[in-house]
Trainee: 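Handing you a structure now.
Every chain is numbered from 1 and lettered A, B, ... according to where its sequence line falls, protein lines coming before strand lines.
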Amino acid sequence: MEKFILPDIPNLHNIDVYEQHGGYQALRKALQMKPDEVIDEVKKSGLRGRGGACFPTGLKWSFMPKGNDKAKYLCVNGDESEPGTFKDRQIFEFNPHVMIEGIIIGCYAMGIPTAYIYIRGEYRKWIKMVDQALADAYAKGYIGENILGSGFSTNVYTHSGAGAYICGEESALMNSIEGERGYPRVKPPFPAQKGVFGMPTTINNVETMSNVPLIINKGAEWYSKIGVAKHPGPILVGISGHVNKPGVYEVPTGVTLLTLINEYAGGVPNGKKIKAVIPGGSSTMILRGENLEGICMDADSLKAAGSSVGTAGLMVMDEDTDLVRVLSRISHFYHHESCGQCTPCREGTGWLEKMLHRFEHYEARTEDIDMLENVANHIEGNTICALGDAAAWPVQSFVRRFRDEFEKRVKQENTVAA
Amino acid sequence: MPNVKVTLDGIQYEVDNKKTIIEAARENGVSIPHFCYHEKLSVSGNCRMCLVEVEKMPKLAIACMTQVADGMVVHTRNERVINAREAVMEFILINHPLDCPICDEAGECKLQDYSYKYSTGFSRFVEDKVHKPKRVEIGPRVMLDTERCIMCSRCIRFCDEIAGVHQLEFTQRGDRTELTTFPGEKLDNPYSMNVVDICPVGALTNKDFRFKSRVWEMSFTESVCTGCARGCNIEIGVRNNEILRLNPRKNDDVNSVWMCDHGRMDTWKNVNADTRIKSPKIRKDGVLVEVGWDEAIAKVASELKSFNRSEIAVLGSAMASNEDNYIFAKFAKEVLGTRNIDFARHHVGADDNVLIRADKTPNASGAEEVGVAPHDGGMSFEQIISAIKAGKIKALYSLEDDLATIPGVAEALDQLEFFAVHATNHCKTTEHADVILAASTYAEKNGTWTNFQHRVQRIRPAVTTLEQDRALDNFKMSRWDKFAAHNDKWGKGPRRDSRPSWKIVASVAGALGAKFKYNNADDVFNEICQKVESFKGLSYLKVGMKGAVLKKQTVVA
Ligand SMILES: Cc1cc2nc3c(=O)[nH]c(=O)nc-3n(C[C@H](O)[C@H](O)[C@H](O)COP(=O)(O)O)c2cc1C
Ligand code: SF4
Ligand code: SF4
């Protein structure tokens with residue numbers, strides 16, 4: 001399949017190369033359209049956010065108030081901290097201009113004079129690359145005052161994270177930009193009403209924005225035919241774990257997980273069986289290896305299978321994997337990253353990790369298996385932000401789908417400790 | 001305010017559409033448990049204790065943040081809500097030290113109360129608890145136990161939003177979160193101790209009060225702070241006839257629910273202090289000796305009689321009540337016939353924009369209102385002091401006020417031929433006195449202050465003097481007061497032979513042949529309400545717990 005987001009063109013990060021391959025034509029085209037026409041086009045394309053929740057992008061844009069009597073902001077989310085997720089980094093490195101072009105089009109559509117690209121702090125090298133790309137785009141007049149003589153002006157800045165996963169959550173991200181502690185905000189109010197600096201704000205993922213030039217260039221009609229109808233477009237899938245060729249692959253939505261693992265990622269080393277797959281980053285629900293037949297990388301298919309697309313970070317675990325250890329590590333992550341603001345997540349994530357440590361070390365009791373799930377249930381849905389859910393889902397799904405693995409870790413009454 | 005219909009637990013109410021569920025419920029007597037929500041602070045929604053079910057919403061909603069809407073149906077105690085609440089309680093308690101037996105908050109702790117009301121009473125937690133710093137001196141007047149903190153952020157919001165200084169923050173994340181100050185800084189704003197009141201657990205405690213008493217062994221009496229002309233509404237906490245602490249009492253027209261640290265710390269220690277004047281004293285051969293009331297009163301009467309009326313001046317006091325000042329002004333006019341009557345002002349610094357007033361006395365506007373002011377060519381305070389120095393005024397009679405702290409006044413007092421003063425404690429002024437009349441403090445008497453807004457507010461006795469009895473005189477009683485056996489030493493704290501100033505002045509008037517017949521402070525106040533125009537129509541009943549504003553308002557200089 002032809003690749004649009006990460007095409008195989010050498011030095012595409014170079015603005016001249018990008019222009020030679022049709023770069024910034026979508027921007028020229030968009031500037032000829034009315035802003036609302038751009039939003040309509042994105043709506044019709046069916047593009048859904050690639051940041052985890054699959055929210056329809058055009059609809060999100062339409063929530064923004066019209067007019068420019070107030071400051072408005074676009075925040076582009078490149079915090080990319082969910083374990084198993086490393087796709088936005090490829091855009092920063094190999095095709096930053098497609099993102100930048102998408103950002104300017106988005107700003108034009110929503111009448112936004114300021115955009116921030118929030119980039120994971122550890123991505124130092126990539127922050128520099130994006131800064132270079134922005135400088136090049138400024139030099140060519142694609143960003144700044146009176147863009148391409150259209151009368152429209154906007155500025156784009158990078159903003160570095162400081163090592164907190166929670167700052168990828170949209171409202172914590174806004175606090176972080178404001179220089180506040182990275183605490184998620186209680187919603188409502190939603191960002192489009194009261195966002196960064198209290199002003200209307202739209203937050204979109206890096207990959208989401210990178211799809212916009214394609215939609216404008218080729219038209220919504222054409223775009224909506226890529227992949228599955230309800231969740232169309234090219235999608236970047238990051239495959240990691242027990243595969244021969246881990247990496248980021250651009251595919252149309254709707255490719256089966258087995259095709260992704262076996263054909264794109266070259267299958268499991270040494271011909272081992274797949275014990276389990278986490279399809280969309282560490283927070284999505286784990287699936288049993290023997291049940292993967294027919295499950296595709298799109299919102300509906302994964303939902304039906306009892307999981308979700310998340311960030312399309314596909315993690316493959318072979319038959320020798322210690323899933324209790326995996327869950328313990330995942331729970332450690334959410335415990336470590338909980339911002340500590342709300343009670344169930346602050347207290348529950350630590351409790352889960354401590355219980356899982358006992359499972360890891362064969363110190364658990366039979367009743368702890370149900371308790372794991374019960375504590376996760378008490379977190380889910382009761383927190384300020386979705387990190388609580390993200391911490392609960394792996395525990396719930398591991399316990400429900402791999403109970404035998406936990407039963408094996410219960411302390412045996414007559415075993416003498418080594 | 002447009003009203004909407006909201007159903008709470010099956011009963012429909014009409015409420016203002018701007019209200020949140022928790023406010024609407026509270027107004028209608030439905031209490032929804034909460035830790036982080038506080039009516040005077042912004043909403044943070046972090047504790048999750050107020051989760052309720054709102055029909056048609058997929059998830060449980062936090063009542064503190066969810067605005068009411070027409071037709072909304074809310075369940076605050078169905079099974080789903082109860083389960084969620086129990087889960088939140090369990091989460092809060094897993095890392096809590098559960099050290100109630102040694103925690104000062106016990107007895108007035110939200111977490112403890114809710115544990116009885118909303119928790120299962122059983123813990124499934126078998127792991128090690130998180131450990132954090134204990135006994136942290138977070139400010140000069142406040143101690144922090146980080147392990148008890150439930151991260152509700154009330155204290156942080158208080159400093160930011162009410163005190164107006166950003167002094168507290170959380171550091172770290174998750175269950176390692178710790179409340180702290182910025183490096184090298186302290187929680188030392190003039191309102192810092194309010195965080196102790198609003199902390200729903202025993203994380204922040206009053207350094208001065210720590211470990212002094214279990215709260216259920218104390219009585220709490222509604223009164224008004226004497227620290228400045230604001231007159232913050234307070235409760236006086238007493239055990240064994242000794243004041244152990246003050247805390248603010250809600251009055252939205254005066255102090256909201258706050259008070260300043262100066263008021264909380266510096267305005268009552270004198271009541272318990274060794275410097276108390278425990279009975280009247282007369283100077284004999286240069287030494288002040290304790291005497292009985294009759295002797296002291298007779299001495300003042302005979303001395304005053306021996307001077308020409310133009311040689312006498314009297315000073316009321318902004319530290320004394322409306323009742324005291326009224327009787328004193330009446331005495332000056334009707335008995336002594338002097339027009340030289342005024343009182344000393346005590347202004348320090350400027351008003352701030354929270355509570356603190358430059359006028360450091362509780363009753364300047366009241367003293368003036370009831371007649372303590374030079375009239376018909378009488379002398380003002382400054383003129384009286386000059387006249388003493390010039391030898392024109394030879395006798396001075398003053399209500400309780402440490403006049404000698406005012407520059408130049410001590411020298412004047414030395415020149416007097418006779419100086420009688422009401423005093424609660426030995427002070428600079430009493431060193432110059434010929435007669436000291438043992439006055440009851442504000443914590444030992446009934447009466448009223450008039451604050452800078454011309455609001456008349458009640459003070460009530462919390463500590464008994466010799467002439468009073470807790471039970472017979474309707475004092476607030478602690479369990480100790482009520483249930484101590486006759487041979488228990490409880491309830492037998494120190495008592496002094498002091499009297500309210502109005503009563504002392506009435507006795508002096510009597511000794512000079514006048515008929516000042518008042519049984520109690522109520523009688524005096526009722527007369528004020530008849531005689532003083534701006535007080536007309538008032539009574540102790542009308543003043544009540546929240547005070548009443550005077551009709552005609554004069555401006556306090
Ligand atoms: C704990 C947490 C972390 C998140 N981290 C990221 C992230 O790193 N990048 C991202 O794009 N979205 C992240 N999200 C999702 C964002 O909140 C938001 O939904 C997304 O950026 C919206 O963009 P989209 O509509 O383009 O998907 C995170 C959400 C949560 C709850
Ligand atoms: S769910 Fe967790 S990360 Fe989100 S606000 Fe609550 S404590 Fe913070
Ligand atoms: S110290 Fe008290 S008021 Fe402050 S966050 Fe902790 S529990 Fe809340």
Trainee: Taking atom CG of A/N382 and atom CG of B/N83, what is their separation to the nearest 0.5 Å?
Mentor: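 Rounded to the nearest 0.5 Å, the CG-CG separation comes to 10.5 Å.
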Trainee: Any chance you could measure A/I384, atom CD1, to B/S44, atom OG, to the nearest 0.5 Å?
Mentor: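 Answer for the CD1-OG pair, A/I384 versus B/S44, is 7.0 Å.
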Trainee: Please look at A/E337 and chain B and tell me whether the side chain, the backbone, both or neither of the residue comes under 4.5 angstrom of a heavy atom of that chain.
Mentor: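 Both parts, backbone and side chain.
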Trainee: Backbone N or O of A/M371 within a donor-acceptor pair of the B/R124 side chain at under 3.5 Å?
Mentor: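 No.
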Trainee: Looking at A/E347 and B/I94, what are the two nearest heavy atoms and their distance?
Mentor: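 Here A/E347 and B/I94 meet closest at O-CD1, 3.6 Å.
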Trainee: List the atom of B/E90, the atom of A/H378, and the distance in Å for their closest heavy-atom pair.
Mentor: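 Nearest pair, atom of B/E90 first, then A/H378: OE1-ND1, 4.1 Å.
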Trainee: Between B/E127 and A/R358, does any side-chain N to carboxylate O distance fall below 4.0 Å?
Mentor: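 A/R358 and B/E127: salt-bridged.
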Trainee: Nearest 0.5 Å please: distance from the SG atom of B/C36 over to the CD atom of A/Q341.
Mentor: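 Answer rounded to 0.5 Å: 9.0 Å.
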Trainee: Which of the residues A/G350, A/G381, A/C339 is involved in the greatest number of heavy-atom pairs with chain B at under 4.5 angstrom?
Mentor: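 Result: the option with the highest number of such pairs is A/C339.
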Trainee: Of the backbone (N, CA, C, O) and the side chain (C-beta and beyond), which part of A/Y183 lies under 4.5 Å from a heavy atom of chain B, both, or neither?
Mentor: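 The side chain, not the backbone.
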Trainee: With respect to chain B, which residue among A/P344, A/G348, A/C345, A/C342 yields the maximal number of heavy-atom pairs within a distance under 4.5 Å?
Mentor: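 Among A/P344, A/G348, A/C345, A/C342, the one with the most close pairs to chain B is A/P344.
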Trainee: If you count every heavy atom of other residues, nucleotides or ligands that lies below 6.0 Å from B/K134 atom NZ, does the total exceed 12?
Mentor: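 Yes - once you tally the heavy atoms of other residues, nucleotides and ligands closer than 6.0 Å, there are more than 12.
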Trainee: In terms of heavy-atom pairs under 4.5 Å, which option from B/M151, B/Q172, B/E169, B/M49 contacts chain A the most?
Mentor: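 The candidate making the most pairs under 4.5 Å is B/M151.
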Trainee: In sequence, state the C-alpha distance, the side-chain angles, and the governing distance for A/I379 and B/F91, and then conclude on side-chain contact (heavy atoms from CB on, under 4.5 Å).
Mentor: CA-CA 9 Å; A/I379 302 173; B/F91 281 135; 3.8 Å; yes
Trainee: Is it the backbone or the side chain of A/H336 that comes under 4.5 Å from a heavy atom of chain B, or both, or neither?
Mentor: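 For A/H336, the contact with chain B is made by backbone and side chain together.
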Trainee: Looking at A/T383, is its backbone amide N or carbonyl O close enough to the side chain of B/R48 to form a donor-acceptor pair, meaning the two atoms are under 3.5 Å apart?
Mentor: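 Confirmed, B/R48 side chain pairs with A/T383 backbone.
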Trainee: Taking all non-hydrogen atoms of both residues into account, name the closest pair between A/K354 and B/D128 and its distance.
Mentor: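 Heavy atoms only, the tightest pair is NZ-O, 2.8 Å.
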Trainee: Could you check B/K59 against A/E380 for side-chain contact (heavy atoms from CB on, under 4.5 Å), going step by step and ending with a plain yes or no?
Mentor: CA-CA 10 Å; B/K59 291 186 194 177; A/E380 188 195 10; over 6 Å; no
Trainee: Evaluate whether atom CZ of B/R77 has more than 12 neighbouring non-hydrogen atoms of other residues, nucleotides or ligands under 6.0 angstrom away.
Mentor: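 Counting neighbours around CZ of B/R77, 12 or fewer heavy atoms of other residues, nucleotides or ligands fall under 6.0 Å, so no.
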Trainee: Run the numbers on A/R346 and B/N46 for side-chain contact (heavy atoms from CB on, under 4.5 Å), then give the verdict.
Mentor: CA-CA 10 Å; A/R346 178 185 66 240; B/N46 63 49; 5.7 Å; no
Trainee: Can you check whether B/R173 reaches A/H335 side chain to side chain, under 4.5 Å on heavy atoms?
Mentor: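 Sidechains of A/H335 and B/R173: no contact.
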Trainee: Counting only heavy atoms not in A/K194, do more than 12 sit closer than 6.0 Å to its NZ atom?
Mentor: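 Open.
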Trainee: Under 4.5 Å heavy-atom distance to chain A, tell me which part of B/T171 shows up: side chain, backbone, both or neither.
Mentor: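 When you check distances to chain A, only backbone atoms of B/T171 fall under 4.5 Å.
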Trainee: Check whether more than 12 heavy atoms from other residues, nucleotides or ligands sit under 6.0 Å from atom NZ of A/K230, and answer yes or no.
Mentor: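 12 or below, so no.
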Trainee: Heavy-atom cut-off 4.5 Å, strictly under: side chain, backbone, both or neither for B/V130 against chain A?
Mentor: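 The answer is both parts of B/V130.
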Trainee: Where does B/I92 contact chain A at under 4.5 Å (heavy atoms): side chain, backbone, both or neither?
Mentor: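 Its backbone and side chain both get close to chain A.
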Trainee: Is it the case that more than 12 heavy atoms not belonging to B/E79 sit under 6.0 Å from its CD atom?
Mentor: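 Result for CD/B/E79: open.
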Trainee: Below 4.5 Å from any heavy atom of chain B, which atoms of A/R365 appear? Answer side chain, backbone, both or neither.
Mentor: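 The side chain, not the backbone.
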Trainee: Heavy-atom cut-off 4.5 Å, strictly under: side chain, backbone, both or neither for B/F35 against chain A?
Mentor: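 Nothing of B/F35, per the 4.5 Å heavy-atom cut-off to chain A.
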